[in-house]
Amino acid sequence: MDFLIAAHTDVGIRKKTNQDSVLIKVADTDCGKVCFAAVCDGMGGLRKGELASATLIRDFSDWFDSEFPEILYEGLDTIVLRKSWERVVSICAKELERYSSDNQVRMGTTAAVLLLAQHRYFILNVGDSRVYELTDRVWQMTKDQTFIQREMDMGRMTPEEARKDSRRNVHLQCVGASDFINPEFLTGQMAENAVYMLCSDGFRHVITPEEIFNRLNPVNMQDEETMRQQLVYLTDLNKYRREDDNISAAAIRIY
């Protein structure tokens, strides 16, 4: 098993700063190749969002280099991994809270985190950045932790209403600006010859799952330069349709 990787991030058409942060790392270990990726979106409307997302990305990067090797060689236990990730999130949240208190600002970030190892996937999600799996179809693996998602789950709002609702960016929780964080955690068997894609919400507001699949399906993702070009194409399509948020995505092709 091996990985092709690509990432792209863009400030977009309106914002002056890019509050998204993206990470992809591949390591060749005694237990086989592993790939680790994360997309964090600093909260729109909260000052210092770019610092919040970059801080969490830094913390997860450090985790991959320092803590993950021991977890991997001890058998990659799901419970141990989940607790380790939740500890990273908790420590970062406290760090951001201290900074916010000292500087009289509010900041927060989403977190979409993916580990591919030993033919399994492991996902952590806080907020509304997403992880997708593309095989012969596109599957949204994570569930948004937002007001409108909760309303749809309760049957009080349709998907059509949600797309137009002014509260679509209201998060139920985020890292750094929530009193309580309960990350979504998922694990399962990796699909053969699949593409896994992580993105901030700006990447998918005004394009459809079908358009994502048409560009990012495994057949169209045969080398890293092509993968990058496909991400750029979808980013430019978002901007053409006047998406006004930062736009970021990371893709991993298994082969």
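FYI, the numbering just counts along the sequence from 1. Below, all heavy atoms of this structure are taken into account, side chains as well, without hydrogens, waters or symmetry copies.
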(message) More than 12 heavy atoms of other residues, nucleotides or ligands under 6.0 Å from CD of Glu192: yes or no?
(response) no
(request) Determine whether more than 12 heavy atoms belonging to other residues, nucleotides or ligands lie under 6.0 Å from atom CZ of Arg137. (result) yes
Would you please name every residue forming a side-chain hydrogen bond (donor to acceptor under 3.5 Å, both in side chains) with [X], sequence neighbours left out?
X	answer
Asn217	none
Asp59	none
Thr109	none
Arg150	none

What distance do [X] atom [atom1] and [Y] atom [atom2] have between them, rounded to the nearest 0.5 Å?
X	Y	atom1	atom2	answer
Leu96	Ser101	CG	OG	12.5 Å
Leu231	Leu216	CG	CG	5.5 Å
Gln189	Gln118	CD	CD	10.5 Å
Cys92	Leu56	SG	CG	4.5 Å
Gln140	Glu133	CD	CD	12.5 Å
Leu81	Leu115	CG	CG	6.0 Å

(message) Using the ring pair (Phe, Tyr, Trp, His ring centres under 6.0 Å) criterion, which residues pair with Tyr132? Sequence neighbours excluded.
(response) none
(message) Phe36: which residues meet the ring pair (Phe, Tyr, Trp, His ring centres under 6.0 Å) condition with it, sequence neighbours left out?
(response) Trp63, Phe64
Sub-4.5 Å side-chain heavy-atom contact between [X] and [Y]:
X	Y	answer
Arg120	Leu76	yes
Asn246	Phe203	no
Gln222	Arg253	yes
Arg130	Asp144	yes

I'd like to know if [X] pairs up with [Y] as an ion pair, taking the criterion as any Lys NZ or Arg NE/NH1/NH2 lying under 4.0 Å from an Asp or Glu carboxylate oxygen.
X	Y	value
Asp65	Lys25	yes
Asp244	Lys15	no
Arg14	Asp245	no
Glu211	Arg241	yes
Asp2	Lys33	yes

Are [Y] and [X] co-members of a hydrophobic cluster defined by side-chain heavy atoms under 4.5 Å apart?
X	Y	result
Leu72	Val88	yes
Met197	Val232	no
Ile247	Val206	no
Phe122	Val80	yes
Ile148	Ile207	no

(request) Assess the side chains of Gln149 and Asp153: does a donor N or O sit below 3.5 Å from an acceptor N or O? (result) yes
(request) Please lay out, stage by stage, how Thr226 and Asn220 fare under the test side chain to side chain contact (heavy atoms under 4.5 Å, CB included). (result) CA-CA 8 Å; Thr226 300; Asn220 288 342; 5.8 Å; no
(request) Carefully, step by step, assess Val89 and Ile181 under the rule side chain to side chain contact (heavy atoms under 4.5 Å, CB included). (result) CA-CA 9 Å; Val89 169; Ile181 305 172; 4.1 Å; yes
(message) One pair to check against side chain to side chain contact (heavy atoms under 4.5 Å, CB included): Leu124 and Val126. What are the steps and the verdict?
(response) CA-CA 7 Å; Leu124 177 140; Val126 179; 4.2 Å; yes
Who else is in the cluster with [X] when I, L, V, M, F, W and Y are joined by side-chain contacts under 4.5 Å?
X	answer
Phe3	Met1, Ile5, Val22, Ile24, Val26, Val39, Leu114, Leu116, Tyr121, Ile123, Val131, Trp139, Met141, Leu186, Met190, Tyr196, Leu198, Ile252, Ile254
Tyr240	none
Ile91	none

(request) Output every pair passing side chain to side chain donor-acceptor pair (under 3.5 Å) with a member in residues 68-82, not counting sequence neighbours, ordered by first then second residue. (result) Arg82-Glu86
(request) Could you name each residue pair satisfying side chain to side chain donor-acceptor pair (under 3.5 Å) that touches residues 170-180, not counting sequence neighbours? (result) Asp128-His171, Gln145-Gln173
(request) Give a yes or no answer on whether the side chain of Thr55 reaches the backbone of Leu51 with a donor-acceptor pair at less than 3.5 Å. (result) yes
(request) Ignoring hydrogens and angles, tell me if any N or O in the side chain of Glu184 forms a donor-acceptor pair with the backbone of Lys143 under 3.5 Å. (result) yes
(message) Please evaluate residues Leu134 and Ile212 with respect to the criterion side chain to side chain contact (heavy atoms under 4.5 Å, CB included), reporting the C-alpha separation (whole Å), side-chain torsions for both, the decisive distance (0.1 Å), and the verdict.
(response) CA-CA 9 Å; Leu134 296 96; Ile212 292 174; 4.2 Å; yes
(request) Check Ala251 against Met221 and note the closest heavy-atom contact, atom names and distance. (result) CB-CE, 3.8 Å
(request) Could you please spell out the steps behind the salt bridge (charged side-chain N to carboxylate O under 4.0 Å, His left out) verdict for Arg87 and Glu67? (result) CA-CA 11 Å; Arg87 186 166 58 252; Glu67 293 187 40; 3.3 Å; yes
(message) One pair to check against side-chain hydrogen bond (donor to acceptor under 3.5 Å, both in side chains): Asp20 and Ser248. What are the steps and the verdict?
(response) CA-CA 7 Å; Asp20 293 350; Ser248 300; 2.8 Å; yes
(message) The criterion is salt bridge (Lys or Arg N to Asp or Glu O under 4.0 Å); which residues satisfy it with Glu225, sequence neighbours excluded?
(response) Arg228
